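Okay, so here's the structure we're looking at.
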Amino acid sequence: PIIRTQLSDLPWNGNTKFFVNATDGPVQMSMLLRLPAWCVDEPNIKVNGRLLAGPTLHVEDGYIAIERSWEDGDVVELELPMKATFVVSHPQVRATNGMVAIERGPIVYCVEEADNGANLAAIAIDTHAQLREQRCDVAGVQAVVIDVDATRRDDSAWPSDVLYRPLNAETESELSSQIRAIPYFLWGNRGSGEMAVWLRAQTCR
């Protein structure tokens with residue numbers, strides 16, 4: 001069969017519909033649907049409104065194969081669960097050791113000075129905190145942004161002419177904060193300022 005039309009809400013959610021064109025009559029064959037690496041939960045697949053499961057589905061080399069007799073007008077619905085998650089790098093990547101980034105579906109996120117203020121290196125993300133998704137206008141694009149609890153190193157007690165000082169637990173404090181992450185492809189559109197993808201990880205319970 002030939003896919004006559006494909007309708008998709010990607011990258012903001014994982015819902016896609018495929019409409020089959022088989023005007024010459026039923027065709028027995030496999031339809032291959034890409035299962036991306038970012039989809040960590042089981043996808044939902046429906047053919048003509050009926051949920052497929054078990055031996056009907058076969059996954060090989062990153063593709064889901066649907067073997068059946070296809071008819072004109074068949075509709076395939078693919079739902080790839082999409083949620084924001086923390087990701088870490090290989091321990092041998094020195095520059096990001098002990099840090100986390102945020103992904104949602106195929107999109108990498110970043111934090112920008114426009115939302116979070118200057119000195120983004122002072123921020124530490126609570127890796128047990130909920131990643132809260134919401135729709136928001138960013139530089140004219142209706143995007144999904146991520147809000148998450150974090151802390152920020154308090155530099156108010158530092159004299160402006162002091163670069164180093166002895167560690168003092170009483171003066172080294174972290175202030176509660178909330179940060180906003182936006183899709184990486186949207187940064188740099190709201191004036192000049194810092195941007196960071198990787199932030200310090202902090203486990204708060």
Side-chain angles (χ1 to χ4, degrees), residues 9-15 36-41 79-205:
D9 294 326
L10 287 166
W12 307 118
N13 69 59
N15 299 330
W38 53 258
C39 184
V40 296
D41 296 322
E79 180 185 350
L80 300 172
M82 189 179 296
K83 63 182 179 181
T85 57
F86 292 115
V87 296
V88 296
S89 65
H90 191 283
Q92 292 297 327
V93 182
R94 268 63 164 182
T96 55
N97 209 316
M99 307 178 85
V100 294
I102 298 172
E103 289 183 355
R104 181 181 183 273
I107 295 180
V108 175
Y109 279 71
C110 68
V111 294
E112 198 173 16
E113 185 174 338
D115 300 305
N116 305 288
N119 193 15
L120 300 177
I123 294 172
I125 292 183
D126 176 5
T127 55
H128 288 291
Q130 179 185 6
L131 291 166
R132 300 180 293 275
E133 306 174 9
Q134 61 176 307
R135 287 275 185 172
C136 182
D137 181 277
V138 181
V141 176
Q142 285 296 314
V144 175
V145 301
I146 311 294
D147 294 331
V148 61
D149 293 334
T151 60
R152 184 185 293 266
R153 291 185 63 187
D154 181 14
D155 60 3
S156 61
W158 277 80
S160 59
D161 59 345
V162 174
L163 184 59
Y164 304 102
R165 71 181 184 187
L167 176 64
N168 185 333
E170 295 181 359
T171 59
E172 302 299 321
S173 59
E174 302 264 352
L175 304 176
S176 296
S177 181
Q178 176 180 283
I179 64 168
R180 169 160 291 180
I182 67 169
Y184 177 81
F185 74 88
L186 287 173
W187 83 274
N189 291 289
R190 297 176 293 167
S192 60
E194 290 184 81
M195 181 278 293
V197 172
W198 295 93
L199 295 172
R200 292 186 296 130
Q202 186 176 60
T203 302
C204 301
R205 295 184 182 272

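Hydrogens, waters and symmetry mates play no part in the numbers below; they use all other heavy atoms, side chains included. Every value quoted in this text rests on a predicted model; they were computed, and no experiment measured them.
- Annotation: the span from Thr151 atom OG1 to Ile123 atom CD1 amounts to 9.0 Å, rounded to 0.5 Å.
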Between side-chain atoms of residues 135-142 and protein atoms elsewhere (two or more places apart, or another chain), which donor-acceptor pairs fall under 3.5 Å?
| from | atom 1 | to | atom 2 | distance (Å) |
| --- | --- | --- | --- | --- |
| Arg135 | NH1 | Gln142 | O | 3.4 |
| Asp137 | OD1 | Gly140 | N | 3.2 |

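- The side-chain heavy atoms of Ile125 and Ile179, taken from C-beta on, include a pair separated by under 4.5 Å.
- At least one side-chain heavy atom of Pro106 sits less than 4.5 Å from a side-chain heavy atom of Met82.
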inquiry  = Before you tell me yes or no, could you show the steps for Met195 and Val197 under side-chain contact (heavy atoms from CB on, under 4.5 Å), namely the whole-Å CA-CA distance, both residues' side-chain angles and the distance that decides it to 0.1 Å?
reply    = CA-CA 7 Å; Met195 181 278 293; Val197 172; 4.0 Å; yes
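- Taking the side chain as every heavy atom from C-beta outward, Pro11 and Phe185 never approach each other to under 4.5 Å.
- Under 3.5 Å, the side chains of Arg132 and Gln178 contain a donor-acceptor pair of N or O atoms.
- How far CD of Glu103 is from OG1 of Thr85: 6.0 Å, rounded to the nearest 0.5 Å.
- Side-chain contact between Trp38 and Ile107 is absent, with no heavy-atom pair separated by less than 4.5 Å.
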key: From CA spacing to verdict: side-chain hydrogen bond (donor to acceptor under 3.5 Å, both in side chains), Gln202, Thr127   = CA-CA 6 Å; Gln202 186 176 60; Thr127 55; over 6 Å; no
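- Residues Cys39 and Pro81 form a side-chain contact, since some pair of their non-hydrogen atoms from C-beta on lies under 4.5 Å apart.
- The side-chain heavy atoms of Arg190 and Asp115, taken from C-beta on, include a pair separated by under 4.5 Å.
- Going from atom CZ of Phe86 over to atom CE of Met99 covers 13.0 Å, rounded to the nearest 0.5 Å.
- For the atom pair Trp198 CH2 and Ile102 CD1, the distance stands at 11.0 Å (nearest 0.5 Å).
- One finds the CG atom of Asn116 at 9.0 Å from the CD1 atom of Ile182 (value rounded to the nearest 0.5 Å).
- Every residue two or more places apart in sequence or in another chain that forms a salt bridge (charged side-chain N to carboxylate O under 4.0 Å, His left out) with Glu133 is listed here: Arg104.
- Here the CZ-CG distance, from Arg153 to Asn119, works out to 8.5 Å after rounding to the nearest 0.5 Å.
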